[in-house]
Amino acid sequence: MVAKGFNMHGDPVVIEGTRLLSRCIQHETDHLDGILFIDRLDREQRKSALRALREAEWAGQAPPQVKFSPHSTFGKAL
């Protein structure tokens with residue numbers, strides 16, 4: 001797998017990965033596109049995973065507070 005993009009300074013970056021590194025890159029790229037791991041499961045696996053989430057001891061608790069970075073993103077993000 002080859003992932004192409006730009007760093008925070010606008011310089012081009014190319015990352016080549018195989019096996020586990022490739023899966024990690026795809027996983028993180030999916031997050032940027034709003035896709036979660038659970039979205040890639042087949043119907044039965046997804047049902048099972050959602051059931052496990054509903055039954056987890058932390059289910060129903062208030063979500064954690066989101067903190068924004070104090071560091072500049074040079075206009076590349078929020």
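Each salt bridge (charged side-chain N to carboxylate O under 4.0 Å, His left out) pair with one or both residues in residues 41-57, not counting sequence neighbours, appears once here: Asp39-Arg46.
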Report all side-chain donor-acceptor pairs from residues 16-37 shorter than 3.5 Å, counting only partners two or more places apart or in another chain.
| from | atom 1 | to | atom 2 | distance (Å) |
| --- | --- | --- | --- | --- |
| Gln26 | NE2 | Asp30 | OD1 | 2.9 |
| His27 | NE2 | His31 | NE2 | 3.0 |
| Thr29 | OG1 | Ile25 | O | 2.8 |
| Asp30 | OD1 | Arg40 | NH2 | 2.8 |
| Asp30 | OD2 | Arg40 | NE | 2.7 |
| Asp30 | OD2 | Arg40 | NH2 | 3.2 |

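Leu50 is listed as a side-chain neighbour of Ile38, based on a closest heavy-atom distance under 4.5 Å.
If you chain together hydrophobic residues whose side chains sit under 4.5 Å apart, Ile15 and Met8 never meet in one group.
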